[in-house]
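Letters go in sequence order (proteins before strands), and every chain restarts at 1. All heavy atoms count here, side chains included; hydrogens, waters and symmetry mates do not. Quantities reported herein were computed from a predicted structural model and do not represent experimental measurements.
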Amino acid sequence: SVTYGTVVNGIRKSGDSDWALNFLRTMEDRRIEISVMIYNMVIDSLCKNGQMDDAFDLFRRIESKGILPTVVTYASLIHRLCVLGRWSDVLELVRDMVRRKISGNVVFFTILIDAFVKDGKALEAKEMWEEMIQRGLVPDTVTYTSLINGFGMHNNLDAAKQTFDSMVSKGCLPNVVTFNTLINGYCKSNRVDEGMKLLNEMSRRRVVANTCTYNILIQGFCQVGNIDAARKLFREMLCKGPHPNSITYSIFLDGLFKNGKQDEALVLYDKMEKNGIKIGIVGHTIVVHGLCKDGKFAEALHLFEKLTNKGVKPHVKMYNVIISGFCGIDFLDEADKLFKHMKEVGCKPNNRTYNILIRAHLKNDDISKIIELTREMRDRGFSAD
RNA sequence: GCAUCAGACCCUCUUAUUG
């Protein structure tokens, strides 16, 4: 059973949850006992894969086999439901837990607090916090970091800093994620200087800054137009680390484009290709978008075609950039054609895709097209801006 | 009995070079 667990865990890390499911079936058919932890791992991987229906099927199946779900089982399901914003389903599961007298632990409450706070549901988050304390549970570094993140996301940096200070005073030590979170809050509010102060405080506290720390700061500098400082950090990463990853390159490229340094961005992009540095679809999208904004749609389109020919799979945002580019030069037929194409290859348009197209057709007074798009949009549960 | 399973941080798209 331990060995099987290792195998399932391996499958889970590979992200192939269908495989894990089949594996479970095989074990069940051979009447090998499977512990609830193994089921938990598979349920969690299904959730992370977005296969909620399969996850619930398995959840019900283990119940029918007489295996009792644990708080971990519920935590995995609830976590994903929160991310999807399916609050009524969350409530239903929580009631289910209460009915079965399965009580939440710190991780469980942290999941809910994090989700509420991210969704701007401060009241509910506070309720969960109080409930947690009332039960004698002690918030840990992750709990505090979630709070700090929530406050940062809503530009309430005073509250974020207060939370940071109070965790320290309670003997709960901030780790690199805690620092990154607070730094990110300041950077997103155009206060990268405060972020740099925290970078110094990190070393004072013997917390080692990682790639993510630098990524956040580089973006912070780009956002306030201080490309020189961003470049300095980027070069520091190249020569003494922490090593840049594809997100670092994306952030820096985006910063260069948005600050009018198209040439430098393109030089870097070329250099990356020559040196075999992989950049993901996000990075490619940044470059294609940067070319569009610079009025070089022909080049953008050329790059887009080159990438797709190389087998790079565009995603919605990439299609949106190109569709928007066609609209910008009044090639609505081409925009419509690409829109059709993306759907044919199974790339689901999002809210923004429709808004781009509707806006373009509005300019052309193409009423029937607008009606068609609006209807299709509504059918998919989107709304116009 | 304990442990192994669940939780926190970073990038791109419309309106928008002019809000």
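Protein atom CE of Met318(A) is 12 Å distant from nucleotide atom P of C13(B), rounded to whole Å. Between Ile356(A) atom CD1 and U12(B) atom C1' there is a gap of 13 Å when expressed in whole angstrom units. Remark: C1' of C11(B) and NE2 of His289(A) are 14 Å apart, rounded to the nearest angstrom. Atoms CZ (Phe109(A)) and C1' (A8(B)) sit 17 Å apart, rounded to a whole Å. In this structure, the CG atom of Asn210(A) is 15 Å from the C1' atom of C11(B), given to the nearest Å. Residue Ile43(A) contributes atom CD1, which lies 16 Å from atom P of C5(B) at whole-angstrom precision.
Nucleic acid contact class of Ile111(A) (heavy atoms, under 4.0 Å, all strands): sugar-phosphate only. Nucleic acid contact class of Thr143(A) (heavy atoms, under 4.0 Å, all strands): base. Counting any heavy atom pair closer than 4.0 Å across all strands shown, Val321(A) reaches sugar-phosphate atoms only and no base atom. Within the nucleic acid shown, Lys363(A) has no heavy atom closer than 4.0 Å to any nucleic acid atom. Looking at heavy-atom distances under 4.0 Å, His315(A) makes contact with a base. Among the heavy atoms of the strands, none lies under 4.0 Å from Asn351(A). The residue Asn355(A) sits close to a base: some heavy atom pair falls under 4.0 Å. Residue Asn245(A) is classed as having no contact, given no heavy-atom separation below 4.0 Å to the nucleic acid.
Residues Phe179(A) and Phe164(A) bring their aromatic ring centres within 6.0 Å. The aromatic ring centres of Phe59(A) and Tyr74(A) sit less than 6.0 Å apart.
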What does the list of N/O pairs under 3.5 Å between the protein and nucleotides 17-19 of chain B look like, with a distance for each?
residue, atom, partner, partner atom, Å
U17(B), OP2, Lys293(A), NZ, 2.9

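You'll find that the side chain of Ser250(A) is closest to C11(B), out of C11(B), A8(B), C13(B). Minimum atom distance to the side chain of Lys48(A) is reached by A6(B), of the listed C9(B), A6(B), C11(B). In this structure, of U14(B), U12(B), A8(B), it is U14(B) that holds the atom nearest to the side chain of Arg352(A). Ranking A6(B), C13(B), C10(B) by closeness to the Val107(A) side chain, first place goes to A6(B). Among the nucleotides C11(B), C10(B), A8(B), the one closest to the side chain of Val177(A) is A8(B). Here the side chain of Thr110(A) is nearest to one of C13(B), G7(B), C5(B), namely G7(B). Among the nucleotides C10(B), U14(B), A6(B), the one closest to the side chain of Ser76(A) is A6(B). Nearest nucleotide to the Asn149(A) side chain, out of U12(B), C13(B), C9(B): C9(B).
Annotation: proximity of residues 180-190 of chain A to RNA chain B (heavy atom, distance under 4.0 Å) is found for Asn180(A), Thr181(A), Asn184(A), Lys188(A), numbered in ascending order.
Salt-bridge formation is detected for the pair Asp89(A)/Arg86(A): a Lys NZ or Arg NE/NH1/NH2 atom is positioned less than 4.0 Å from an Asp or Glu carboxylate oxygen.
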Please tabulate, for the side chains in residues 315-333 of chain A, all donor-acceptor contacts under 3.5 angstrom to protein atoms that are two or more places apart in sequence or on a different chain.
residue, atom, partner, partner atom, Å
His315(A), NE2, Thr285(A), OG1, 3.3
Asn320(A), OD1, Thr353(A), OG1, 2.7
Asn320(A), ND2, Asn350(A), OD1, 3.3

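Among Asn210(A), Asn175(A), Asn149(A), the one residue that satisfies the side-chain hydrogen bond (donor to acceptor under 3.5 Å, both in side chains) test with Asn180(A) is Asn210(A).
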Audit row: Arg135(A), Ile133(A), side chain to side chain contact (heavy atoms under 4.5 Å, CB included) steps and yes/no: CA-CA 5 Å; Arg135(A) 295 188 185 201; Ile133(A) 303 292; over 6 Å; no
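Between Phe116(A) and Trp87(A), the ring planes are parallel. Angles under 30° get that label, and only those over 60° would be called perpendicular.
Comparing G19(B) with U15(B), their P atoms sit 15 Å apart, to the nearest whole Å. Distance check on atom P: U14(B) versus U18(B) gives 12 Å, rounded to whole Å. Taking the C1' atoms as reference points, C9(B) lies 23 Å from C13(B), given to the whole Å.
Annotation: Lys261(A), atom NZ; neighbour count of heavy atoms from other residues, nucleotides and ligands within 6.0 Å does not exceed 12.
Remark: Lys118(A) is in phosphate contact with C9(B), judged by side-chain N or O atoms under 4.0 Å from OP1 or OP2.
Side chains of Asp44(A) and Asn40(A): no donor on one and acceptor on the other come within 3.5 Å. A donor and an acceptor atom, one from each side chain of Arg61(A) and Tyr39(A), are nowhere located under 3.5 Å apart.
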